[in-house]
Amino acid sequence: MYRTPKVAVVQDLSGLGRCSLSVILPVLSVMGAQCCPLPTAVLSAHTAFPIPEETAFQDLTDNMEQTLRHWTALRTSFDAIYSGFLGSLRQIDVLRHLIQQFRRRETLVLIDPVMGDHGRVYRTYTPEMCREMARLAAEADLITPNLTEAALLLGEPFDRIPTSQAGIEAWLRRLSLDGKRSVVITGVSLAPKALGAGCLDNRSGKIHFAMARQEPGQFFGTGDLFAAVLLGSLLRGETLSESTANAVDFIQKTVSQTLAAGTPVLEGVQFEPLLRELL
Ligand code: PXL
């Protein structure tokens, strides 16, 4: 009988705008993995919504520390640990302890170093948080930065973001820390009207690109959706390049259908009608 892999997911829960736990939980479930949420914060809406001064933002750092104590006392275990949007500096420390406590030889540690997009840092991320995120990401087996986050991790200015295949390959190699971790860079475009991701598998040392038709529009939460599909595929036993291709295809389809439906960009992509494709 198939035993479903168990994943500790360290992410926020945002009421409006499909992102983080709201998309990761359903995706991992349909892909046959058990999602164990460790919520970092509860928000009324993700941080790009207007009227930011009215955002309800409940920081859950104390709750995370207590959860870690409880999970440790319960001697539970995880096949994967997956983190994304973090709400404070202290949370990066909690995540570090979670990894130390629960990592076994076969545990997959995926850190999505969520910090910004499109050449801008998210407004809740301080420079110190970005530095600590980079330090923690060095512990990961796999990271999934977009190009903005790749620049932040490498300490490169945004105007040095590469546009050529050779340039992206060089960044993938640098980000792999001499083959210590695998890397998927998202939001890569190497030809007009094509968008996708480049990946470096540290086991084979090989680099692959997965591309799909570029859709006109940029949506929030697609990074979370991407990482969730990627992780679901990996936990099913697919290779990093197959999993990257699955995630690129799924995002392209959801964006295309969302554009056809004409729903607000801030609400994210309509992935619900396409979930069955991941079954
Ligand atoms: O999708 C990244 C993300 C996750 N969680 C929150 C966010 C964002 C990006 O804006 O604001 C709360």
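Quantities reported herein were computed from a predicted structural model and do not represent experimental measurements. We count ligands from 1, going down the list as the structure has it; atoms in each ligand are counted the same way.
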Sole candidate of R103, K180, R181 that passes salt bridge (charged side-chain N to carboxylate O under 4.0 Å, His left out) when paired with D141: R103
Is there any protein N/O under 3.5 Å from an N/O of ligand 1, and what does the full list of such pairs look like?
from, atom 1, to, atom 2, distance (Å)
ligand 1, 1 (O), D224, OD2, 2.7
ligand 1, 5 (N), D12, OD1, 2.7
ligand 1, 10 (O), T47, OG1, 3.4
ligand 1, 11 (O), T47, N, 2.8
ligand 1, 11 (O), T47, OG1, 2.6

Side-chain donor/acceptor of R123 to backbone N/O of T47, under 3.5 Å: yes
Using residues 257-270 as the side-chain source, report each donor-acceptor pair under 3.5 Å to any protein atom, sequence neighbours left out, with the distance given to one decimal.
from, atom 1, to, atom 2, distance (Å)
T258, OG1, T254, O, 2.6
T258, OG1, Q270, N, 2.8

Residue list, salt bridge (charged side-chain N to carboxylate O under 4.0 Å, His left out) with E242, at least two apart or on another chain: none
Backbone N/O of V114 and side chain of Y125: donor-acceptor pair under 3.5 Å: yes
Enumerate, atom names and distances included, each donor-acceptor pair closer than 3.5 Å involving a side-chain atom of residues 21-37, sequence neighbours excluded.
from, atom 1, to, atom 2, distance (Å)
S22, OG, S14, O, 3.3
S29, OG, L25, O, 3.0

